[in-house]
Every structure is written in structure tokens, then in C-alpha cells.
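A short write-up of the structure that comes next.
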Amino acid sequence: MPLLELPFLAELTALRRDIHAHPELALNEHRTADRVAGELARYGLEVHRGIGRTGVVGVLKAGASPRMIGLRADMDALPLAELNELPYRSQHAGKMHACGHDGHTAMLLGAARYLAAHPDFAGTVVFIFQPAEESEGGAALMIEDGLFARFPVESVFGLHNWPGIAAGEMAVMPGPVMAGSNGFEITLRGHGCHAAMPHQGVDAIVAGAQLVQALQTVVSRNLNPCEAAVVSITQFHAGDAWNVIPEEVVLRGTIRTFKAEAQALVERAIERLCHGVAAANGVQIDVHFRRRYPPTVNSPDETRFCQDVAAAVLGRERVRSGEPPSMGAEDFAYMLREKPGCYVWLGNGPGSGGCTLHNPHYDFNDDILPLGVNYWVRLVQMALPQG
């Protein structure tokens with residue numbers, strides 16, 4: 001099927017780059033929300049603001065069908081200093097669109113603009129512009145704020161650009177597509193002392209080092225090898241002076257799994273190792289788990305449907321259905337726990353020169369803007385056909 005002509009593509013590219021130049025972090029997407037709401041109103045959509053604090057929803061109706069679907073894009077940036085030398089590089093120090101949410105927002109706006117001008121579907125499309133995907137669970141906040149009560153969609157769909165997949169290709173996989181992410185904090189308390197007299201204290205640093213090593217066996221020696229999980233220690237905080245063995249050590253990290261059962265097994269193994277290290281070293285250990293994003297799991301029927309949509313846009317040979325899932329997390333998972341739907345990856349190109357997600361050299365590939373717009377438009381036309 002030929003791609004739709006988008007006479008506003010240059011404007012859409014400029015919009016994407018404007019959002020890139022003005023990145024905003026979780027729940028502070030005020031300028032971005034203003035731009036999104038302004039564009040939606042200009043296209044003639046019904047606009048709702050302040051859902052999940054800075055979320056924006058646009059509603060477009062055509063025909064008499066009562067059916068309703070939701071399309072979602074994320075708007076927030078990352079606390080990262082951009083290293084690109086671009087005319088539209090970030091103007092805000094320490095903030096950057098390093099995950100392509102600027103592109104996601106632009107593509108969904110492009111689809112809203114096209115469909116408002118060509119309402120060749122029957123039903124209601126809810127365009128969901130979500131805040132705080134990166135850190136604060138904006139999808140959950142929007143749901144708690146009545147998103148699906150106010151807009152009772154029958155299914156919901158998401159899209160993410162994906163470096164490493166060629167531009168012009170898309171991955172649409174059934175089942176788990178992104179892992180659940182949970183954090184943990186382990187506090188070890190010993191007895192501080194002079195660094196020259198370690199026998200007078202209880203060394204929490206030595207115990208912490210042993211625990212870091214022991215935690216590397218959690219997955220390899222507790223989980224079925226056919227299952228998938230990752231335990232990563234990302235922080236080790238201890239001490240302030242050269243000549244003092246500190247009283248306390250704090251370790252933090254993440255657990256990533258695709259199943260709740262694996263998550264529970266990993267947590268039990270971490271607790272068991274902590275108790276063992278505590279007993280062996282004479283320290284006190286407290287463990288706290290922070291439940292964050294659940295796994296992102298595509299529903300079967302919606303996945304098959306999205307594979308057909310992607311094939312209509314790109315050709316069947318360019319739709320990947322067997323791509324392995326990612327251990328990265330995605331809060332679209334909250335929406336998929338409430339509604340059936342599908343989350344797809346749109347190829348962003350090879351990822352060379354540091355153009356990978358969450359990298360200071362990343363930039364969204366503007367050449368895929370029309371592909372994303374076409375995907376959203378065809379999805380609406382095929383999900384809500386006239387007649």
C-alpha cells in the first residue's frame with residue numbers, strides 16, 4: 001500500500017526539533033503540553049488537559065459507530081546532558097530527549113492532523129499524550145486520574161522508535177515485549193572505626209563488597225536457565241573520609257523480569273543472601289524492594305492486528321515478529337494491564353555514532369516521521385472501518 005502524502009511533513013519535522021530543543025523532565029512537561037494542546041485544538045480536536053498532572057488527551061470522532069480506541073505517545077525527556085552539535089540541540093542544561101519521545105509526540109500529532117482532515121473512519125480515536133514515562137509512571141498516574149473511565153477505549157496502542165532496527169522496518173511481537181523493572185535498596189550497618197584500627201569495628205564495606213559478588217549468583221544459580229532476569233547493582237555508597245571505616249553502606253539496583261513468579265524468586269534469593277552475609281560479617285542488613293513498572297505484555301489478537309497494519313504500511317517482509325524482547329522497562333505496561341493492546345518498535349536506523357537510546361549522542365531519525373504517521377493512520381482506518 002503506498003504511503004500517504006503528508007504535505008505538512010516539513011512543519012512536523014520543525015515541531016519535532018522544537019520539542020527536542022526544549023526538553024522537560026517528568027511531570028514538568030508544561031511547554032510540551034502547551035504545544036501539543038495547541039496543535040490538537042488547531043486541528044479541530046476536542047482537547048482535555050491536566051490528566052495525570054501534565055497529560056493531554058485529544059478526541060476525534062467520525063461517523064456514528066460507538067467504538068473507541070486509544071493511541072499513546074510519551075512526552076518527557078531524560079536528565080542527561082546532550083553532546084550533539086545540532087542546530088536544535090537541547091537548550092536546557094542537563095536535560096535531553098535521548099529516547100525519542102519528541103519523535104513519538106510529533107508522529108502522533110501528525111496522525112491527528114491527517115485524520116482530522118481526512119476522517120475516513122467510523123468511531124472515536126483518543127490521542128493520549130502521556131507525561132513521565134521515564135521515571136514517575138505517568139501512565140499509571142493518568143489511569144488513576146480517570147483516563148479510561150473518561151475515555152473507555154476498547155483497546156490501546158503504543159509505539160517506540162528502536163535504534164538497531166533498520167528504518168523502514170518494524171518489530172511487532174506477541175507476549176512480553178519489555179521487562180518489568182523493580183528497584184531495591186540494601187542498607188548494611190556495621191561499627192565505624194579508625195582505618196588504622198579495623199579490629200575495633202565491624203566493616204560494612206567488606207560485607208557490602210561480598211554482597212555485590214554474591215548477588216551475581218541470584219539469576220545464574222536460582223532461576224531456570226530458560227527464564228530471563230537481570231539483577232544489576234547500580235550504586236554503592238559508603239564513607240566520607242580517607243581514614244574512617246564507615247558505619248553504614250547503601251547498595252541500590254534493579255531487578256528486571258518478564259514474570260511475577262521470577263520476580264518473587266529473585267527477591268527471596270536476595271533476602272537469603274543478605275541474611276547470610278549479615279551473619280558471616282556481624283553486620284545488620286535491611287532490604288527494601290520498590291515495585292516500579294510491570295512487564296509490557298502484548299495481547300494476541302491486537303498483536304496480529306498490528307502485524308497486519310505494519311505489513312500494510314511497510315510490506316510483510318519488513319515486519320519482524322520474532323524479535324527477542326527487551327530487558328528495558330516501559331510504563332505503557334500499566335495501560336496494557338487495563339486494556340488489550342499492542343506496543344511496537346519502529347526502526348530508527350543502525351544506532352551508529354552513539355545514536356542509541358539514553359545516550360548523549362542520540363537523535364531521533366526524522367526520516368521515519370512519515371512511517372510513524374502512516375502506521376497510526378492505517379491502524380485507525382483498519383480498526384475503525386467505515387461501514
Side-chain angles (χ1 to χ4, degrees), residues 25-26 77-83 90 92-96 98-99 134-137 179-223 225 228-257 262-293 327-329 354 356-362:
L25 302 184
L78 283 158
L80 187 67
E82 181 164 10
L83 298 182
S90 172
H92 304 311
K95 301 175 186 178
M96 178 190 176
C99 202
E134 293 291 357
S135 59
E136 300 298 331
S181 173
N182 296 287
F184 60 86
E185 180 176 284
I186 303 171
T187 304
L188 302 91
R189 295 182 182 88
H191 184 76
C193 62
H194 197 296
M197 306 169 191
H199 62 290
Q200 295 181 353
V202 177
D203 196 334
I205 286 184
V206 170
Q210 291 177 9
L211 186 57
V212 170
Q213 290 290 92
L215 290 174
Q216 307 313 304
T217 68
V218 167
V219 173
S220 66
R221 292 299 177 266
N222 291 275
L223 205 64
V230 174
V231 176
S232 295
I233 307 296
T234 57
Q235 298 181 38
F236 191 122
H237 299 283
D240 298 296
W242 288 69
N243 58 351
V244 176
I245 293 177
E247 190 96 0
E248 184 175 282
V249 169
V250 176
L251 306 179
R252 297 189 183 98
T254 62
I255 304 165
R256 296 173 187 266
T257 64
Q263 173 71 28
L265 186 151
V266 167
E267 289 181 1
R268 290 195 301 270
I270 290 175
E271 289 176 330
R272 186 173 64 249
L273 287 172
C274 286
H275 293 321
V277 168
N281 290 272
V283 299
Q284 295 180 330
I285 294 184
D286 295 318
V287 188
H288 297 282
F289 296 104
R290 182 186 178 191
R291 294 296 173 91
R292 289 180 56 78
Y293 298 170
M327 277 294 174
T356 55
L357 302 179
H358 293 216
N359 185 285
H361 292 284
Y362 171 86

If I compare all heavy atoms of [X] with all of [Y], which pair ends up nearest, and what's the gap?
X: Leu357; Y: Cys99; answer: CD2-O, 3.8 Å
X: Tyr293; Y: Glu134; answer: OH-C, 3.8 Å
X: Leu78; Y: Ala98; answer: CD1-CB, 3.7 Å
X: Ala269; Y: Val218; answer: CB-CG1, 4.0 Å
X: Pro360; Y: Leu80; answer: N-CD2, 3.8 Å
X: Leu25; Y: Pro79; answer: CD2-N, 3.6 Å

Quiz prompt | Verdict with supporting geometry, Ile186 and Ile285, side-chain contact (heavy atoms from CB on, under 4.5 Å) | solution = CA-CA 7 Å; Ile186 303 171; Ile285 294 184; 3.6 Å; yes
Quiz prompt | ring pair (Phe, Tyr, Trp, His ring centres under 6.0 Å) involving Phe184 - partner list, sequence neighbours excluded | solution = none
Exercise. Please identify each residue that fulfils ring pair (Phe, Tyr, Trp, His ring centres under 6.0 Å) with His237, with sequence neighbours left out.
Key: none
Quiz item: Restricting to pairs with a member in residues 231-243, which pass salt bridge (Lys or Arg N to Asp or Glu O under 4.0 Å), not counting sequence neighbours?
Solution: none
Quiz prompt | salt bridge (Lys or Arg N to Asp or Glu O under 4.0 Å) pairs, two or more places apart, involving residues 276-286 | solution = Arg189-Asp286
Exercise. Apply the test side-chain contact (heavy atoms from CB on, under 4.5 Å) to residues Ile255 and Ile270: give CA-CA distance (whole Å), side-chain angles for both, the deciding distance (0.1 Å), then the verdict.
Key: CA-CA 10 Å; Ile255 304 165; Ile270 290 175; 3.8 Å; yes
Who pairs with [X] by side-chain hydrogen bond (donor to acceptor under 3.5 Å, both in side chains), at least two apart in sequence or on another chain?
X: Arg268; value: none
X: Glu185; value: Arg252
X: Asn359; value: none
X: Arg291; value: Glu267

[X]: side chain to side chain contact (heavy atoms under 4.5 Å, CB included) partners, not counting sequence neighbours:
X: Ala179; answer: Arg256, Phe258, Met327
X: Val212; answer: Gln216, Ile233, Phe236, Leu251
X: Gln213; answer: none

Quiz item: Checking Ser90 side chain against Lys95 main chain: does a donor-acceptor pair fall under 3.5 Å?
Solution: yes
How long is the gap from [atom1] on [X] to [atom2] on [Y], to the nearest 0.5 Å?
X: Thr187; Y: Gln284; atom1: OG1; atom2: CD; result: 11.0 Å
X: Met96; Y: His361; atom1: CE; atom2: NE2; result: 8.5 Å
X: Gln263; Y: Ser181; atom1: CD; atom2: OG; result: 9.0 Å

Side chains of [X] and [Y] in contact at under 4.5 Å (non-hydrogen atoms):
X: Thr217; Y: Leu273; value: yes
X: Leu188; Y: Gln210; value: no
X: Val250; Y: Gln235; value: no
X: Leu211; Y: Val249; value: no

Less than 3.5 Å apart, which donor and acceptor atoms pair up between the side chains of residues 190-206 and the rest of the protein, not counting sequence neighbours?
unit_1 : atom_1 : unit_2 : atom_2 : d
His194 : ND1    : Ala196 : N      : 2.9
Asp203 : OD1    : Ile205 : N      : 2.9
Asp203 : OD1    : Val206 : N      : 3.3

